[in-house]
There are 2 protein chains.
Amino acid sequence: MKITFKGDYALKAILHLSLNYNRKLLTGNDLAKLIDAPSKFLEQILVDLKKGGFIESRRGNAGGYLLSKDPSLITLGEVLRHIEGPTEPISCIKDDYTNCVHIDSCVFRPVWQRVDKAASDIIDNITFAGLAKQAVKGGLNP
Amino acid sequence: MKITFKGDYALKAILHLSLNYNRKLLTGNDLAKLIDAPSKFLEQILVDLKKGGFIESRRGNAGGYLLSKDPSLITLGEVLRHIEGPTEPISCIKDDYTNCVHIDSCVFRPVWQRVDKAASDIIDNITFAGLAKQAVKGGLNP
DNA sequence: TATAATTCCTATATATTAAGTAGACTATGT
DNA sequence: ACATAGTCTACTTAATATATAGGAATTATA
């Protein structure tokens with residue numbers, strides 16, 4: 001698993017929208033400042049998050065972004081996979097992979113599968129409700 | 001953690017050299033055929049593995065490569081880190097990272113640290129002696 | 001209804017990395 | 001000497017990451 005700036009920004013954006021769930025909208029600029037990201041870059045990521053069904057937007061004056069569902073229903077893994085693609089360390093661990101002749105006897109494949117499962121077990125069991133709670137406890141205001 | 005072709009080739013090369021430890025040398029071409037890699041690309045990787053102290057070489061006629069230590073003393077993690085660099089999912093989890101203002105209150109950082117530890121716990125506890133044994137059991141001849 | 005504040009859309013730029021290719025040079029056993 | 005290796009340096013090509021730029025469409029509100 002590799003987290004790029006794009007993924008990092010996406011997760012932080014969702015976190016801040018979680019902190020403001022049912023409170024108020026945040027504009028692209030609001031979010032860009034909060035998470036210290038270039039606003040035009042973040043804009044593209046927000047479009048992507050919208051396509052993924054994680055957020056909604058209101059256009060025009062007084063517009064902005066909001067979560068489209070309760071933070072307790074969004075996991076870190078879901079968001080990360082939507083933005084970054086598959087989290088597996090190498091693509092040969094997929095069931096339908098056919099590009100390797102030695103796949104049946106490969107001793108590495110089971111290792112990568114273990115690594116992938118270990119990571120998934122972590123990120124798929126963390127919700128943004130939990131993260132937001134932690135963030136508040138850590139002193140981050142909505 | 002992300003494994004590129006380079007890393008994949010490197011691990012497979014070390015595995016085959018493990019299978020032939022104390023038996024015979026393998027040439028670059030031998031290895032390239034065994035692991036289905038472009039030989040000139042593999043060549044560069046072998047130089048890198050040599051610099052890392054994992055393998056030795058004999059030049060000239062009847063030359064080739066061999067492991068420089070017992071396969072039980074080489075872990076998957078060591079080789080992977082030498083070839084691919086750090087395995088952490090994002091660089092901010094390092095102790096000396098200073099590029100992020102919010103690092104102290106960041107709720108994601110501990111997550112990435114958990115993910116990194118989970119992966120390390122796996123790859124740092126697998127030796128090439130173990131892998132070679134498995135490979136033989138799986139039908140792969142030295 | 002004009003205006004300012006927003007999101008939405010498309011195109012372009014730049015740097016880095018991945019994954020090789022090519023060719024000449026050096027060493028060595030027979 | 002010669003065939004068989006490894007060594008070294010440079011170049012190439014494609015993809016990805018990380019943005020920038022500019023304008024079009026939408027909307028609340030004065």
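Each chain gets a letter, A, B and so on, in the order its sequence line appears, and its residues count up from 1.
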Would you tell me if any nitrogen or oxygen in the side chain of [X] comes within less than 4.0 Å of OP1 or OP2 on [N]?
{"X": "B/Thr27", "N": "D/dT4", "value": "no"}
{"X": "A/Tyr9", "N": "D/dA19", "value": "yes"}
{"X": "A/Thr4", "N": "D/dT18", "value": "yes"}
{"X": "B/Ser57", "N": "D/dT7", "value": "yes"}
{"X": "A/Lys50", "N": "C/dC8", "value": "yes"}

Relative to the 5' end of DNA chain D, which residue comes earlier, A/Asn61 or A/Pro38, by the nucleotide with the nearest heavy atom?
A/Pro38
If you pin A/Phe41 and B/Gly60 to their nearest nucleotides in DNA chain D, which one's is more 5'?
B/Gly60
For [X] and [N], give me the distance from atom [atom1] to atom [atom2], rounded to whole Å.
{"X": "A/Leu31", "N": "C/dT6", "atom1": "CG", "atom2": "C1'", "result": "13 Å"}
{"X": "B/Leu42", "N": "D/dT7", "atom1": "CG", "atom2": "P", "result": "12 Å"}
{"X": "B/Ile55", "N": "D/dG6", "atom1": "CD1", "atom2": "P", "result": "10 Å"}
{"X": "B/Lys2", "N": "D/dA15", "atom1": "NZ", "atom2": "C1'", "result": "14 Å"}
{"X": "B/Glu84", "N": "C/dT16", "atom1": "CD", "atom2": "C1'", "result": "16 Å"}
{"X": "B/Glu56", "N": "D/dA5", "atom1": "CD", "atom2": "P", "result": "19 Å"}
{"X": "A/Asp48", "N": "D/dA17", "atom1": "CG", "atom2": "P", "result": "12 Å"}
{"X": "A/Leu25", "N": "D/dA28", "atom1": "CG", "atom2": "P", "result": "11 Å"}

Check A/Lys94, A/Arg109, A/Lys2, A/Lys117 against A/Glu88 for a salt bridge (charged side-chain N to carboxylate O under 4.0 Å, His left out) and give me the one that passes.
A/Lys94
Between atom OG of A/Ser105 and atom CD of B/Gln134, what is the distance when rounded to the nearest 0.5 Å?
11.5 Å
Working to the nearest 0.5 angstrom, can you tell me the gap between A/Leu11 CG and A/Ile74 CD1?
11.0 Å
Looking only at N and O atoms, is any donor in the side chain of B/Arg59 or the base of C/dT26 less than 3.5 Å from an acceptor on the other one?
yes
Transitive ILVMFWY side-chain link B/Ile126 to B/Leu15, under 4.5 Å
yes
With under 30° as parallel and over 60° as perpendicular, where do the rings of A/Tyr9 and A/Phe5 fit, or are they tilted in between?
perpendicular
Establish, from distance only, whether the side-chain atoms of A/Asn29 and A/Thr27 form a donor-acceptor pair under 3.5 Å.
no
Quiz question: by atom type and distance under 3.5 Å, do the side chains of B/Ser120 and B/Arg81 form a donor-acceptor pair?
yes
Identify each atom pair where a protein N or O and an N or O of nucleotides 22-24 of chain C are less than 3.5 Å apart, giving names and distance.
{"unit_1": "C/dG23", "atom_1": "O6", "unit_2": "B/Lys40", "atom_2": "NZ", "d": "2.5"}

